[in-house]
2 protein chains.
Amino acid sequence: MSTTRELFQTMTRRFGFLNKNCCTVGGVDISLTQSHILYEIDRQHNPSMQQIADTLGMDITTFSRQIGTLVKMKLVKKTPSPEDRRVYILSLTTEGKFVATTIDTEMNNNLDEIFSHMNDFEKETVLRSIQLLNESMAKSSKCCTTPIG
Amino acid sequence: MSTTRELFQTMTRRFGFLNKNCCTVGGVDISLTQSHILYEIDRQHNPSMQQIADTLGMDITTFSRQIGTLVKMKLVKKTPSPEDRRVYILSLTTEGKFVATTIDTEMNNNLDEIFSHMNDFEKETVLRSIQLLNESMAKSSKCCTTPIG
DNA sequence: GAATAATACTTGCAAATCGCAAATATTACA
DNA sequence: TGTAATATTTGCGATTTGCAAGTATTATTC
């Protein structure tokens with residue numbers, strides 16, 4: 001007999017553990033935060049710094065520094081926007097792309113393994129449930145957006 | 001068209017945001033980590049330090065210090081175990097219990113609000129899906145357990 | 001069109017957090 | 001009894017954090 005929160009807490013914690021074992025690709029060692037940054041840069045279209053920071057709910061100053069080290073590691077490239085010279089457009093270098101893709105594949109494999117303990121119907125139901133959940137969270141104005149801090 | 005990982009990433013991030021806006025109860029200000037610690041102490045039965053640290057996937061030394069500050073804040077009590085004098089049993093003080101309960105209620109309210117955008121059938125399906133997912137993750141030996149580090 | 005406000009990003013700084021290595025104390029095992 | 005294993009704490013240096021303040025650029029307003 002679990003409360004709703006308990007279910008969520010367990011799930012997100014376990015997924016978090018999954019994410020944590022991510023972060024050595026080839027010779028490169030990155031942190032969990034950095035893996036999330038790479039993921040979002042890869043996913044979004046010509047994102048600015050502010051955009052990614054917002055998506056991840058990170059303070060822009062912390063983010064700026066993280067990008068700094070990722071640039072030093074040659075995983076990320078910062079290109080000044082031609083339209084607005086205050087803005088930097090972020091993109092992945094070839095190596096950054098490789099790291100991101102490797103982690104992504106690994107994560108999807110892990111998820112596959114988890115779903116292998118279900119039958120096809122269950123798997124479909126679960127995936128559609130998560131989709132539904134995401135839509136409901138998006139609708140909810142009260143919550144689930146970037147935190148204040 | 002999202003990959004499985006994308007669905008999970010979105011969901012856990014949003015739930016994370018929900019968790020982040022948690023942490024001022026009465027006059028007391030606590031961090032996200034501390035809120036998770038209180039939650040687990042409340043949930044488990046006479047847990048030891050090591051137990052909670054393991055559940056949360058935290059390094060025991062970091063955990064020890066966190067407990068130190070929570071004890072100073074009078075939210076947590078450490079009682080030496082009568083059976084094994086190496087271990088400390090953790091429990092919540094009255095105030096700690098109050099803080100934990102307040103956060104828990106708040107979180108469940110937020111989740112209710114999210115589910116209010118679904119009909120009863122959808123809600124049931126989603127909840128059972130998460131339960132199923134948690135069971136599958138528990139079965140998976142390869143993943144989802146405490147990370148190595 | 002000059003002054004002012006708003007935005008995007010960076011840097012200084014001090015606090016919090018982190019995890020490894022090593023220490024202590026206790027219990028389990030041989 | 002001696003040795004190994006376990007639970008917890010402390011030293012320490014590295015990393016991460018976020019606020020305040022700074023620079024540079026664009027938008028607004030009068």
Side-chain angles (χ1 to χ4, degrees), chain A residues 16-17 19-24 28-38 40-41 44 46-73 76-91 146-149, chain B residues 16-17 19-24 28-37 40-41 44 46-73 75-91 146-149:
Chain A
F17 287 166
N19 258 318
K20 256 193 187 171
N21 302 325
C22 65
C23 295
T24 302
V28 192
D29 243 349
I30 63 174
S31 75
L32 181 57
T33 314
Q34 288 166 350
S35 130
H36 286 151
I37 294 175
L38 295 184
E40 279 304 325
I41 294 179
Q44 294 188 27
N46 289 342
S48 70
M49 308 253 306
Q50 194 63 251
Q51 263 172 59
I52 302 282
D54 281 350
T55 318
L56 295 173
M58 287 179 73
D59 188 274
I60 183 69
T61 71
T62 311
F63 184 76
S64 171
R65 276 180 259 255
Q66 287 284 5
I67 288 295
T69 78
L70 285 171
V71 167
K72 255 187 222 138
M73 296 167 83
V76 167
K77 214 177 82 182
K78 272 166 71 175
T79 316
S81 161
E83 286 143 27
D84 185 335
R85 276 192 286 172
R86 289 170 302 181
V87 175
Y88 282 104
I89 302 297
L90 298 175
S91 57
T146 305
I148 350 117
Chain B
F17 287 165
N19 256 319
K20 254 193 189 171
N21 301 326
C22 66
C23 295
T24 303
V28 192
D29 242 348
I30 63 174
S31 75
L32 181 56
T33 314
Q34 288 166 350
S35 130
H36 286 150
I37 294 174
E40 280 303 325
I41 295 178
Q44 293 188 27
N46 290 340
S48 71
M49 308 254 305
Q50 194 63 251
Q51 264 173 57
I52 302 282
D54 282 350
T55 317
L56 296 173
M58 287 179 72
D59 188 274
I60 183 68
T61 71
T62 312
F63 184 77
S64 171
R65 275 180 259 256
Q66 286 285 5
I67 289 295
T69 78
L70 285 171
V71 167
K72 254 186 223 138
M73 296 167 84
L75 301 175
V76 167
K77 214 178 81 182
K78 273 165 70 175
T79 316
S81 160
E83 286 142 27
D84 184 336
R85 276 192 285 173
R86 289 170 303 182
V87 330
Y88 280 103
I89 303 297
L90 298 175
S91 58
T146 305
I148 350 115

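Protein chains get the first letters and strands the later ones, always in sequence-line order, with residue 1 at the start of each. The analysis underlying the following values was restricted to heavy atoms, covering all of them including side chains, and did not include hydrogens, waters or symmetry mates.
Using a 4.5 Å heavy-atom threshold, the side chains of Met49(A) and Ile67(A) count as touching. In this structure, the side chains of Val87(B) and Gln50(B) stay at 4.5 Å or more apart for every pair of heavy atoms.
Here the nucleotide nearest the side chain of Thr33(A), chosen from dC12(D), dC19(D), dT17(D), is dT17(D). In this structure, the nucleotide among dT27(C), dT26(D), dC19(D) sitting nearest to the side chain of Arg85(A) is dT26(D). Closest to the side chain of Thr62(A), out of dT17(D), dC9(C), dT8(D), is dT17(D).
Annotation: Tyr88(B), atom OH; neighbour count of heavy atoms from other residues, nucleotides and ligands within 6.0 Å does not exceed 12.
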- Task: Could you give me the CA-CA distance, side-chain angles and deciding distance for Thr33(A) and Gln66(A), then say whether side-chain hydrogen bond (donor to acceptor under 3.5 Å, both in side chains) is met?
- Result: CA-CA 9 Å; Thr33(A) 314; Gln66(A) 287 284 5; 4.7 Å; no
- Task: Take Met58(A) and Ile52(A) through the side chain to side chain contact (heavy atoms under 4.5 Å, CB included) test and state the conclusion after the steps.
- Result: CA-CA 8 Å; Met58(A) 287 179 73; Ile52(A) 302 282; over 6 Å; no
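Between Gln66(B) atom CD and dA16(C) atom C1' there is a gap of 9 Å when expressed in whole angstrom units. The nearest whole Å value for the distance from the CE atom in Met58(A) to the P atom in dG18(D) is 7 Å. Look at CD on Gln50(A): it is 7 Å from C1' on dA8(C), rounded to the nearest Å. Between the P atom of dT8(D) and the CD1 atom of Ile60(B) lies a distance of 6 Å, rounded to the nearest Å. In this structure, Arg86(B) atom CZ and dA7(D) atom C1' are separated by 6 Å, rounded to whole Å. Atom CG in Leu32(A) sits about 11 Å away from atom P in dT16(D), given to the nearest Å. Here the P atom of nucleotide dA15(C) and the CG atom of Asp29(B) are 17 Å apart, to the nearest Å. Counting to the nearest Å, the P atom of dT23(D) and the OH atom of Tyr88(A) are 16 Å from each other.
The phosphate of dA7(D) has neither OP1 nor OP2 within less than 4.0 Å of any side-chain N or O from Ser48(B). Residue Ser64(B) places at least one side-chain N or O under 4.0 Å from the OP1 or OP2 atom of dT9(D).
The base of dC9(C) does not come close enough to the side chain of Thr61(A) for any donor and acceptor atom to sit less than 3.5 Å apart.
Residue Ile89(B) is the one, among Ile89(B) and Ser31(A), whose nearest nucleotide of DNA chain D lies closer to the 5' end (criterion: closest heavy atom).
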